[in-house]
Protein chains: 2
Amino acid sequence: MSFLNKEICDGDNPDLTEERRTATFDTDRMAQVIYGSEKFAARRRQITKSISRIPALQDTKPLAFMTREEKITEACRELDVLSDHWEQLIYVNDEEEALHLHREVIGMEGHPFALHETMFIPTLVSQASDEQQEKWLGRARKREIIGCYAQTELGHGSNLRKLETTATYSPSTQEFILHTPTITALKWWPGALGKSSNYAIVMADLVIKNKSYGPHPFIVQLRDEKTHQPLPGITVGDIGPKMAFNGADNGFLGFDHFRIPRGNLLMRHNRVEPDGSYLKPPHAKIGYSSMVKVRSRMAMDQGLFMAQALVIAVRYSAVRRQGFLEDKSQEVKVLDYQTQQHRLFPSIARVYAFIFCGLETIQLYEKLILDVNKNGDTSGMADLHSLTSGLKSVVTHFTGQGIEQARMACGGHGYSMASYISEIYGVAVAGCTYEGENMVMLLQCARALVKAVELVEEGHPEKLSPMMAYLTKPSVTVDLTVGPEAYVKIFQLIAKKQAFKATEQLHKFMVAGDSRDVAWNKSAVELTKASRLHTRLYILKTFIRRVESITDISVKAALTDLLNLHLNYELLDVASYALADGIMSSTQMDFIKNQLYSSLEKIRPNAVSLMDSFQFSDLQLRSVLGRRDGHVYQNLFEWAKSSPLNQSEVLPSVTQYLKPMMEKSKL
Amino acid sequence: MSFLNKEICDGDNPDLTEERRTATFDTDRMAQVIYGSEKFAARRRQITKSISRIPALQDTKPLAFMTREEKITEACRELDVLSDHWEQLIYVNDEEEALHLHREVIGMEGHPFALHETMFIPTLVSQASDEQQEKWLGRARKREIIGCYAQTELGHGSNLRKLETTATYSPSTQEFILHTPTITALKWWPGALGKSSNYAIVMADLVIKNKSYGPHPFIVQLRDEKTHQPLPGITVGDIGPKMAFNGADNGFLGFDHFRIPRGNLLMRHNRVEPDGSYLKPPHAKIGYSSMVKVRSRMAMDQGLFMAQALVIAVRYSAVRRQGFLEDKSQEVKVLDYQTQQHRLFPSIARVYAFIFCGLETIQLYEKLILDVNKNGDTSGMADLHSLTSGLKSVVTHFTGQGIEQARMACGGHGYSMASYISEIYGVAVAGCTYEGENMVMLLQCARALVKAVELVEEGHPEKLSPMMAYLTKPSVTVDLTVGPEAYVKIFQLIAKKQAFKATEQLHKFMVAGDSRDVAWNKSAVELTKASRLHTRLYILKTFIRRVESITDISVKAALTDLLNLHLNYELLDVASYALADGIMSSTQMDFIKNQLYSSLEKIRPNAVSLMDSFQFSDLQLRSVLGRRDGHVYQNLFEWAKSSPLNQSEVLPSVTQYLKPMMEKSKL
């Protein structure tokens, strides 16, 4: 007999099997929707299966039991094994397959080649001249050298122009002299810089004849290729333990008048001639679009982080029993409590929303890149840049919240590292800070919004980009019962009102005599609110579009339930705006609540299957609570027994301190 | 020259000194308000000073660099040193002083005597007969034995009645046979159970002649007093690493028909006679009031956790500079950004609110205990019980949020363990789960609310306790400009409306045929909302009362600014209720926002001093970012250099894997 939910196996915890039998859709088909194509969804499963057949690709013990040193060594061991199986496991040039392979085998806590692949090589490709690529790119790709990307400094994050590391050109020797003039100028945070890399791309302020030319990329050898010792003039090390990512050796780096040849300035776009003359790049906006790509990508990755936490929490909630409802003979599954559903299901909806939004945004980005290449039209990119700034911020914020709620929904056991949710949280929530701090990002998004509002106020609504067009929509009364489009309309009106309100406040302060910067700061919180609404509107619209496009009827029906939950949950969350501006009535608010609660009931039978559809392997989840088979308790016990503290019966703390203390008392 | 802020020292980071000079109040006086008395505030400082003079009471290295085993050993070492200095440092019987001493020296990550002091000894005091106390209490107090308290099981948390561990009486041998019948019956989570304790109070289902009498407390020896090996029939160990508290050896415990003498049932209130006859306790509500005490206490402790995170974040925000406002010659302190203020200051207000609320609730508890003892009047206790259930839930939730926002406000460095904020978060957020899971607690609070609403609806408003009296308040229009009382009125109306709405929904489902349990579950989310509003109203009122009672004018003025921020922030946060029910107009909402933003500006010059007033030592904070002297960057570098990964230049991962990989590529 075959079931719609493909995870059903003999011998599983019957509480979980019971859930899977109530699936109203085929989980393989849902996986196709989640991962964007039938082909990739199938390849994922295939790769997972192949990995499971190679014992050397399993963790030697749970990562939670390892020191940082052990985690790093374990990741290197797995990378080493992978390099022998690479071609057998995936199509070597398929980035998505490689990503999936890494996620399963290495996991999310980091590894020494992460920056080598995502930053060192790509920067060589985009910034090194042909001659330079000849020299370094091949070696990098063959992993003869390991590189990273060193930009942020101890005292300097987002503000690139304030980087203090200098690269002063010396025409007499045709060298750049790299130097760290102050302690705040130490490179700080770059991944894999601390102990693993022997090369780095270093961003430093190019100085020629006492004139600063701003930050430029240099390729720098850090360590001796034979001994791996730092070269003289270089101070390099690990920055210490972090909230998560402890399998990564984020590092610090200081230079003491360290000399590199002129040819180490990456010169695809800029050149410094032997005599010190500087040739400017033809166009300055290099890198702008790569930020857009990274931030679009983040919406998907964050969605997948939250999905992992939710798989764990939803499965465990179907296994954990506590308290009674109707039937007094057996405790109920905690998933039957409305409070538990309300804690988890809106996050399930957000997971799907974020992933769909990420998929669409990446496609939009790729289309725009084609436009840029075809006719040099970069207009759409500015819009997408501001949008993805907001998106990155909104998605990481809600993902963090959702993961923590998932953890708490698992009660005490959620708090154990055996759940692995706190680790997922630590990794995901780093996204609130990296790639642009969230508040800064929201204000970047607001910049575009204010500009758009000003266009409308100046009588040029025709100049608005399609993404801003809603700023001209007139107020209307909306009948929520007609469906998703009504929710969009209300959201548009709310977002529009807030964008105008924030802009109005900004202008008011300016009229009263403040400079734009000061007025901007005084309006900043209102501006961030406008950005959030703008972004959430976009997420909501992409969710609707995606669901509408689905052809499989049962998949579409299940996602429609999730969409309805999302629409009502989101609108309720921003209800104060709608109510204050008379856009929504209190009767409508009651309607939304009722819709919300009935959505929870509708989703209940599909909850486990909606999360099973992500088809994360047990290897990738690394969670005792989230095991596919639902056999939680005996495995928690096995896990605990093998933990480091249980390897000896009497700890040194007892021998050295507690025993003598007790003995002394007896005298 | 003397300053109002007592933390000013020569040689400090001038950016921090500048902040301290703008204090409008005396930080010592503020400390008196925070810690409840002039005497205790002074004692705290004195103890801190004494500790600083004993080098052996400093951590041998940062806790973040230690394995769990090392953390436990370190805590034991410090306990050992403390035992030699106890009488020199504190008044030995003063609990608050002992607590302060522990917080500074041991910190928050746990230690092997935590449960011995807070649960093992108190349970012996309240539950053991005089004869039993004679036998064990003295030994426990002298630390001849180390005990813990084992209640929760692998498969059972809040629902005490479902505990599976059995204690079956055998009249023939006059013994109880402790047994763990299933894997879910393993005791799981008790602090210090895993490796440190040799005794435990074990809660087990008392079974006599096949009849279950429910959970009873037994004192059980777990390990040999000489060898510290587990006794035959006992399986005991550590449950493994957790999100935080990794200096505690939370444990598991299983019994295989383990026999203990009849005299090991704690018999102060219940007895089992040699023949197996069971004598009931005279009154059943033992322990009820201790939960109230613990949960009141939590409001204060959580406030102090959040305070620690905020000291760190606020100080660092006064040292970190980034970007420009008016003056283009120097980057501004990030504390000057409105978004940063909005992230931190409302949490500062909450810290004070929670601490004041905790203080008042503990006093209320103590007064009620006197009433109970004087005239057996337990009526007030029920009210306080439901209130503290809500309080525990609301406070822990906002504390978690506030700490995470504080961490993110520190940007990348907040994510480093050098900030220590993620550790504070891990410790604080455990409070969302322990002492009653937050959702369960909110629903417990709701039970009392619904009962009160039903009283009103049944025409018996006179039976309402004072805490519920607002449920009879008629709707009025409120002028917010008159001050705090107006905010209270609005909050009362909102809380009342929601309590009635939720009750109405509950009744509606029951009328439609659902059992009360089922209807309750279908209304659960609305009920939790009512509980939250009820609790937040209480917090708000205690904050107002406390500020009104302060005599020092400048302290009162600074706290009034915080109170105003709190009132406006809270009301804005629940605005949708007020707007939906026509309790507040949209004009009033704009008023609230303006008040909120101007509060931020008012608080700005006092921000550092408001947090300095907590007078946490650097030892207690354990944060490089939060150092009193503000010398953050050089100390981040020193911290990193001494981290474990930097103790060798070439890691095993490089020698074993990366070097061979690179070498192979070169061939």
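First the proteins, then the strands, lettered A, B, ... as listed; each starts at 1.
Of all heavy-atom pairs spanning A/Pro652 and B/Glu69, the tightest one is CD-OE2, 3.8 Å. Heavy-atom minimum distance, B/Ala244 versus A/Tyr415: CB-OH, 3.3 Å. Closest approach of A/Phe65 to B/Pro241, counting heavy atoms only: CE2-CD, 3.5 Å. When every heavy atom of A/Ser515 is checked against every heavy atom of B/Glu326, the shortest pair comes out as OG-OE1, 2.8 Å.
Crowding of A/Arg77 atom CZ: a count of heavy atoms from other residues, nucleotides or ligands under 6.0 Å exceeding 12. Summarising the local packing, NZ of B/Lys226 is surrounded by 12 or fewer heavy atoms from other residues, nucleotides or ligands at distances under 6.0 Å.
At least one donor-acceptor pair closer than 3.5 Å links the side chain of A/Lys195 to the backbone N or O of B/Ser648. The main-chain N or O of B/Lys142 is found under 3.5 Å from a side-chain atom of A/Ser665 such that the two form a donor-acceptor pair. Proximity of a side-chain donor or acceptor of B/Asn521 to a complementary backbone N or O of A/Asp336 within less than 3.5 Å is detected.
Most heavy-atom pairs under 4.5 Å with chain B: of the set A/Thr433, A/Asp517, A/Asn646, A/Val650, this distinction falls to A/Asn646. By number of non-hydrogen pairs under 4.5 angstrom with chain B, the leading residue of A/Gln401, A/Glu74, A/Glu225 is A/Glu225.
For the 3.5 Å distance criterion, the side chains of A/Tyr597 and B/Gln505 fail to qualify, holding no donor opposite an acceptor.
Look at B/Glu437 and A/Arg343 and you find a salt bridge, because one of the NZ, NE, NH1 or NH2 atoms lies within 4.0 Å of a carboxylate O, short of that distance. With respect to the salt-bridge test (charged N to carboxylate O, under 4.0 angstrom), the residues A/Glu601 and B/Lys522 do not qualify.
A/His413 and B/Trp189 have parallel rings, their planes meeting at less than 30° on a 0 to 90° scale where 60° marks the start of perpendicular.
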